[in-house]
Amino acid sequence: MAAHLSSGRVNLTALREAGRRELREFLDKCAGSKAIVWDEYLTGPFGLIAQYSLLKEHEVEKMFTLKAGRLPPADVKNIIFFVRPRLELMDIIAENVLSEDRVRSPVRDFHILFVPRRSLLCEQRLKDQGVLGSIIHREEYSLDLIPFDGDLLSMESESAFKECYLENDQTSLYHAAKGLMTLQALYGTIPQIFGKGECARHVANMMIRMKREFPGSQNSIFPVFDTLLLLDRNVDLLTPLATQLTYEGLIDEIYGIQNTYVKLPPEKFAPKKQGEGGKELPTEPKKLQLNSAEELYAEIRDKNFNAVGSVLSKKAKIISAAFEERHHAKTVGEIKQFVLQLPHMQAARTSLANHTSIAELIKDITTSEDFFDNLTVEQEFMSGIDTDKTNNYIEDCIAQKHPLIKILRMVCLQSVCNSGLKQKVLDYYKREILQTYGYEHILTLNNLEKAGLLKPQASGRNNYPTIRKTMRLWMDDINEQNPNDISYVYSGYAPLSVRLAQLLARPGWRSIEEVLKMLPGPHFEERQQLPTGLQKKHQATLQ
Amino acid sequence: EVLQNHVLEAKVFHTEYGTGVAILTGAHRFTLTTNIDDLKLRRLPEVPGLQKRPSCWAVLCQDRVLVILLAVGQELYLLDNTSFTLVTPPELSPHAGAYLQMAVSFNYRYLALFTDTGYIWMGMSSLKEKLCEFNCDFRAPPKQMAWCKRPRSKQRAVVVAWDRRLLVAGDAKEGIQFVLDEDSCLVPELDGVRILSRSTHEFLHEIPEASKEIFRIASMAPGALLLEAQKEYEAASFGKCFIDKFPPESFVRTCRDLRVLNAIRDYQIGVPLTFSQYKQLTIEVLLDRLVLRRLYPLAIKICEYLRLSEIQGVSRILAHWACYKVQQKDKSDEEVAHAINQKLGDTPGISYSEIAARAYDCGRTELAIKLLEYEPRSGEQVPLLLKMKRSKLALSKAIESGDTDLVYTVVLHLKNELNRSTFFMTLQNQPVALSLYRQFCKHQEPETLKDLYNQDDNHQELGNLHVRSSYTSEKSMEGRVAELQDGVDEYYKAKNEFAAKATDDQIKLLRMQRRLQDDFDKPYLDYSLHDTVYNLILDGNHKRAEQLYRDFKIPDKRFWWLKISALAEREDWEEMEKFSKSKKSPIGYLPFVEICVKHHNRYEAKKFAPRVAPEQRVKAYILVGELDQAADTAIEHKSESELNLVLAKCTSSTDAAVAEKINRAKTQSLKK
């Protein structure tokens, strides 16, 4: 079930196990049958830690979605709210608890599990609402870094950037620091921390502070990670604006991947059975989980989409050849061998069919003229062509009222690639957008400006070309089939964050001091002392 | 009840549940509690016929249940929660007589009974088995009787004390007698009996076999020989070299333990523990006892000597010391805080906040604040600071921690504590707290948010607030316009002319839409300018559309796009053609072709194809399906890529002639 987590260089199953253990312990604290009332936002992230079966084993009989009014009837002893610490959710809980029919229904115990942090503010709110006393267990479940894949952890905190840069609310950074402390508790103290950007600095400061807060908890685990690199998103605003061109990236661009799940149009996935003649097409979108547990997906997810087709057809040949084997199976032993492999082969065939369908869906879009034009403009901007004047294609797209998000992405991309737009150009775009999409978007544009995604060029200097050249952000010779440089993921553009990591590893950031100064926020290096015993060993393994 | 009838006698006892007390009241009833820290009194049933005080009684622990054994004359009774039963010890001598004294062993397993015939019965406390009996010559009621027994030893004995006499009675015929010089008191312990008198403190216990072996006169046991040898050679761990592969840990551990025991047995310390008692107590309990006696230096030495982890050992002791230190009123706050920090430093596991709390409890707030400065955990600092009404300090500590929940807690605390203007002023100096409070207000108190922005003259945000509320909360036209107008004013104050003008335009548009709605009886409100114009064209109101186009200075290019899209959707081809000829198209004519094709009108599309700019003309012909013309144009352009483009569109069955033409052109151009 979680085999893909142990496939990487660091076994992340331990992290998931720790999460599951904590959950089980909490559930067992509330003895007897239970119903969970979910803050809907949390169901996705929780699904990555524990399936329903785990909950069931611990007597969770019912699940509801948190909403105002009275709780649905359920013959259980405990009602547990799984919520984020938000005031508006506390009000709903209070309403739920207060409207509980004490006369007719049996007495039920209430508990709250705060994710990821217990909050005094929320408890005060519950107290003000007069329900704090009715809640027996109030605990926190520190779901900070969720193991996603063998080499990936995510906080699944999609509004973090907005909170930090629009609202000056750095709560998510505090959670990040806490998550990294948990990670270090399980995998050893990370000896070196590098970082760039204001928020990165803040996270590192909090980590150092947290370490000082618990000096006794000297970690005696041999460090698994040797370096931590913290990058503030605002250091690299370009990468998320450009259209992703890997297989996984395109699935996300077109259909959106949520908590590793994607919802796809069902038509392509209708069971192809003869006789039914496709009379009834499924109407529910097809939901697929995408992670490296699926062998084929692990192979193609990070390939440039242009290299996916050949892999799929090669795979198709291998699989049909494998199925052909059965005709050659003569002896009972051979047949048995074949039958034993059958489940694996069938899974591979389903997987291949799914990804072929997805690739076809994507191809319809990537071969369209509009996709091509859009990409061309993006690539022009990223390679530094005509970033300082209004772009015809963007104008035409606005005139044809293409989706606003597409327009905003392109305009922001142009702004980032030009270290801000000339006031005249910026005002022109803004006016076009307001007239076409509605004046209410003056707030949208203002938010983009606050976050630095859109800005007037300050002091008329454009630093982007220097950054691009020094960091080799644009590569003309890319190999999409057998890549030898990260620029293949955007068919030319090498993500700035990746380059920062690469250069840190070799030859070190000292070589790019000038560029680092052009990027926002401080860059820094911290060393965390390891217990003496671990230091020596560590050096020994390096040799 | 206990209060009414007075306490006749009380017995303190220790079990796994803690320290308990059993009380015999003046009404001859028993009440007991198993744990004095969790006081729950249990009154035992009345003993029928008990008119006078029992001659002796004791608390027994049978199968984890506490019962009382009491003797009245020659009868022995067992009293538990519900019942009262007469019991007889097995194999009791028929001539035993009346019970005078009883003793329960330290571990509750054994019981000894003394009768007025000088007979001692020793057996299991379950009263199911007799171990031995003893007859002594003294009949007088003994002052005290106690078990003297080592754990795991087969030897059993009771010590009976009279005024000046001590008798050790065991399995043998003869007892051992001692003379007591003073009035003494027996304290039964785990592995022996302590005998305390006014001037002496002795410990009576059974000598273990190993010691006997060593110290017996003329003993030839290995231990004895070794001792002799050690005296001879003056080598402490002499025997060790004779043993191969003997794990040294237990040897080292024992040596350490012995040193600890020797240290605490020093007369200045005066904790004469035996080895077994020390092991039973555990080092933690011993340390606690030393701490309670304020023997801090010794306790720390022991921790260091035994290499206990800092949190378990030194830190805990230092914390106790510090808590004691803050109570010393004769020293100044500075001195105490300094002294404490000097000693404690950054020792792991020290909770400065606990010490500070103690200082605060002693009324030394200033000292508490000084101590809190040393506390690294903000989560601990902040609540105490709030309690001590140092909210502003608490606020900066909370901000330092990065824990936003903590910041919120202090902010809301401040909000209740301070008046509004002081509260705002305080926030003004703490941007982090201010942003968080703004967030809070945004969802909880939108009006306060306005006040906050007003206070720091943030006109941009005020403008945004007005604009937002014109879209979200205002329903009436007048209300919306008023909000927008306020927005315009604020944007001007913020010197954001662009936003002010844009908002002004929105007001203009709203008014216009209202008029359109009235004129055409169709909904126009809340459309964007673009959509308003589009819908006007869609409905054929070209004049009004033109008016908006001019009033709002819509760029030509966009207006043309907009107009042909709307006309195509209306399928007003005639108007489209007219429009295309009104003046030179700023967007060229390819969009005309495209839009007609999109609406499946090839016939109209074909009309525009020749007008498309040369560089796009091939594409236009392909779009309308005129491959032959496309080929001609491409040949005319001598463009290889265009030729290929057309060729790719050719299907072998229908366009063979065109394909041939292209191929011919290609070979020709190759020749050149």
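Chain letters run A, B, ... following the sequence lines, proteins first, then strands; residues in each count from 1.
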So what's closer than 4.5 Å to chain B heavy atoms on [X]: side chain, backbone, both or neither?
| X | answer |
| --- | --- |
| A:L443 | side chain |
| A:E123 | neither |
| A:E163 | neither |
| A:I442 | side chain |
| A:K430 | both |
| A:R125 | side chain |
| A:N446 | side chain |
| A:D396 | both |

Residue among [options] with most heavy-atom pairs under 4.5 Å to chain B:
| options | result |
| --- | --- |
| A:R431, A:Q124, A:M206, A:Q170 | A:R431 |
| A:K450, A:E440, A:K178, A:R117 | A:E440 |
| A:D427, A:L87, A:N392 | A:D427 |
| A:N168, A:L445, A:T436 | A:T436 |

Interchain contact, [X] with chain A, by part (heavy-atom threshold 4.5 Å):
| X | value |
| --- | --- |
| B:K501 | neither |
| B:Y527 | neither |
| B:R468 | both |
| B:L509 | side chain |
| B:E461 | side chain |
| B:Q439 | side chain |
| B:T532 | neither |

If we ignore hydrogens and angles and just use 3.5 Å, is the side chain of [X] paired with the main-chain N or O of [Y] as donor and acceptor?
| X | Y | answer |
| --- | --- | --- |
| A:R118 | A:R138 | yes |
| A:S119 | A:L121 | yes |
| A:S415 | A:V411 | no |
| B:Q381 | B:L372 | yes |
| A:Y429 | A:N391 | yes |
| B:D456 | B:N458 | no |

**Residues B:Y471, B:D526; criterion side chain to side chain donor-acceptor pair (under 3.5 Å); working and verdict** = CA-CA 9 Å; B:Y471 290 107; B:D526 289 325; over 6 Å; no

**Request:** Check the angle between the aromatic planes of B:Y408 and B:F440 and answer parallel, tilted or perpendicular using the 30° and 60° thresholds.
**Result:** tilted

**Asked** With respect to chain A, which residue among B:E375, B:K553, B:E380 yields the maximal number of heavy-atom pairs within a distance under 4.5 Å?
**Response** B:K553

**Message:** I need the residue from B:P555, B:P591, B:G463, B:P431 with the largest number of non-hydrogen atom pairs under 4.5 Å to chain A.
**Reply:**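 Result: the option with the highest number of such pairs is B:P555.
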
**Request:** Using the side chain to side chain contact (heavy atoms under 4.5 Å, CB included) rule, take A:I398 and B:W561 through it: C-alpha gap first, then chi angles, then the decisive distance, then the call.
**Result:** CA-CA 10 Å; A:I398 296 175; B:W561 268 111; over 6 Å; no

**Message:** With rounding to the nearest 0.5 angstrom, report the NZ to SG distance, A:K455 to A:C412.
**Reply:** 11.5 Å

**Complete:** Here the gap from A:T189 atom OG1 to A:M181 atom CE, rounded to the nearest 0.5 Å, amounts to 7.5 Å

**Complete:** Smallest heavy-atom separation, A:L173 atom then A:C164 atom, equals CG-SG, 3.8 Å

**Message:** Does B:Q616, at its CD atom, have more than 12 non-hydrogen atoms belonging to other residues, nucleotides or ligands within less than 6.0 Å?
**Reply:** yes

